[in-house]
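Worksheet: one structure, shown below.
This structure is a prediction, so every number in the text was calculated from the model and none was measured. All chains are named by letter (A, B, ...) in the order of the sequence lines, taking the proteins before the strands, and each is independently numbered beginning at 1.
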2 protein chains.
Amino acid sequence: MIKDKFADAIAPVGHTDDDDVGAINEILGFHIRLAHGACLRHFTETFTDLDLTQKQVSVLWLVDDHPGIAQTDLAQRLRMDRATTMAIINRLQAKHFLRRDRSPKDGRKQALFLEPDGIEMLARAKQAIGEHEAWVKSRFSDKEVRQLIELLSRIHE
Amino acid sequence: MIKDKFADAIAPVGHTDDDDVGAINEILGFHIRLAHGACLRHFTETFTDLDLTQKQVSVLWLVDDHPGIAQTDLAQRLRMDRATTMAIINRLQAKHFLRRDRSPKDGRKQALFLEPDGIEMLARAKQAIGEHEAWVKSRFSDKEVRQLIELLSRIHE
DNA sequence: GTCTAATTGTTAGCAATACATACAATATCG
DNA sequence: CGATATTGTATGTATTGCTAACAATTAGAC
């Protein structure tokens, strides 16, 4: 019944209006992190029913786009280390969303493939991503979206 | 000796070139998250010696900007819930970077103040943030930085 | 003023990264 | 063949984000 999250009204401590000193608000990285937080929060809400995280959806999506992809390749594309990738793959496998096949070409590698459950879940996830994206993009014109993607890409590429 | 992180060379699985289907690369949220990841990773590297996380620095900074701020107010500004804020404050207090004083005006609130160690650490942190910011901003013109901040603000505000 | 409701801090617990490290199996190359 | 690198795996730790419950305090309704 109690809406905990951010319902808390703030009791302003002093006088400051967030735009005084060598303000934290001038730090680009600060805004990137806040925007990410807002984004991730809305994503999580949107995916409450599907019980999937952003990382998990990304993995399903990439495995679908690249059947037989290896864990290392996945990790590289999503900028994760191998241990973290393992944890995510394990969770998805436990839910029967994907399977590991030993790669015939390279015995060290595990080729990843979506299971039927995973294919269905991905379809639903893409639907939900549509909503989520609409929420994000509602703030921008098409031109601004392209601009934003271009600028952000310079950071992570 | 082994540079684990992202040293893994990728073994391209197939043919795809990342720009075929209803690509994941067209999702704005995806780029926000990758950019955030890259940002956070560099931040963490920059702050290895200081042993501070991004959240912790933000808290120190805000407590310095708003002496006597309450935890709820902090949480609201950084978009965290109360429990998470507690954990962060506890860690910072354990390091003697700040202290809790019961607020004289509202017995429920804890007024936060930096301790001498915290003040010194924040000074060093701001130095490090300068480097970190330079790394981020090196990709952009001044105009683009302002643009980016303006656009990102629309998401988290 | 009193009683009820809301706020604030706190504690405990859980899930999901993110990372380091070490190990085994496999592949590659001199 | 033998040294080295790659890949997956297992373990362990830290941080974050959230829920749920509880006590103390305050604010509001009446």
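- Of the candidate nucleotides D:dT7, C:dG9, D:dA24, D:dA24 has the atom lying nearest to any side-chain atom of B:Arg108.
- Side-chain contact annotation: A:Thr84 with A:Asp81, donor-acceptor N/O pair under 3.5 Å present.
- Rounded to a whole Å, the CG atom of A:Asp101 is 13 Å from the P atom of D:dG8.
- The listed nucleotides are C:dC19, D:dT26, C:dT26; the one nearest the side chain of B:Asp106 is D:dT26.
- Side-chain N/O atoms of B:Thr72 include one lying less than 4.0 angstrom from OP1 or OP2 on C:dG9.
- Place A:Gln56 and A:Lys105 on DNA chain C by their nearest nucleotides, and A:Gln56 ends up nearer the 5' end.
- In this structure, the nucleotide among D:dC18, C:dA18, D:dT26 sitting nearest to the side chain of B:Asp81 is D:dC18.
- Between the P atom of D:dG8 and the CZ atom of A:Arg102 lies a distance of 9 Å, rounded to the nearest Å.
- Counting distance only, with no hydrogens placed and no angle test, the side-chain atoms of A:Arg82 and the base atoms of D:dG8 include a donor-acceptor pair under 3.5 Å.
- For A:His36 and C:dT17, the NE2 to C1' distance is 11 Å, given to the nearest whole Å.
- Look at CD1 on B:Ile88: it is 11 Å from P on D:dC18, rounded to the nearest Å.
- Counting only heavy atoms from C-beta on, B:Thr84 has its side chain closest to D:dG17 among D:dG17, D:dT6, C:dT17.
- As rounded to whole Å, 16 Å separates atom C1' of D:dG17 from atom CD1 of B:Ile89.
- Between A:Asp73 and A:Arg77, at least one side-chain nitrogen of the basic residue sits less than 4.0 Å from a carboxylate oxygen of the acidic one, meeting the salt-bridge criterion.
- One finds a side-chain N or O of B:Gln71 lying less than 4.0 angstrom from the OP1 or OP2 phosphate oxygen of C:dT10.
- Heavy-atom distances to DNA chain C give each of A:Asp51 and B:Arg100 a nearest nucleotide, and the one nearer the 5′ end belongs to B:Arg100.
- Look at CD on A:Gln110: it is 9 Å from C1' on D:dT7, rounded to the nearest Å.
- In this entry the distance linking CG of B:Leu112 with P of C:dT8 reads 13 Å, nearest Å.
- Checking each of A:Met86, A:Arg100, A:Arg99 against A:Gln110 for a side chain to side chain contact (heavy atoms under 4.5 Å, CB included) leaves exactly one that passes, namely A:Arg100.
- Between A:Thr44 and the phosphate of D:dG17, there is no side-chain N or O to OP1/OP2 separation shorter than 4.0 Å.
- A perpendicular orientation is assigned to the rings of A:His132 and A:Phe43, their planes being inclined by more than 60° (bins at 30° and 60°).
- When each of A:Asn90 and A:Leu40 is assigned the nucleotide of DNA chain D with its nearest heavy atom, A:Asn90 is the one assigned upstream, toward the 5' end.
- Distance, A:Leu92 CG to C:dA16 C1': 12 Å, rounded to whole Å.
- Of the candidates D:dT26, C:dA18, C:dT10, the closest approach to any side-chain atom of A:Lys55 belongs to C:dA18.
- Side-chain proximity of B:Thr53 to the nucleotides D:dT16, C:dT8, D:dG8 is greatest for D:dT16.
- Comparing C:dG9, D:dA10, D:dG8 against the side chain of B:Ala70 picks out C:dG9 as the nearest.
- The existence of a salt bridge linking A:Arg139 and A:Glu144 is excluded, since no basic side-chain nitrogen approaches an acidic carboxylate oxygen closer than 4.0 Å.
- Counting any heavy atom pair closer than 4.0 Å across all strands shown, B:Arg91 reaches a base atom.
- None of A:Leu52, A:Ile119, A:Val59, A:Ile89 except one satisfies the side chain to side chain contact (heavy atoms under 4.5 Å, CB included) rule with A:Phe97; the exception is A:Leu52.
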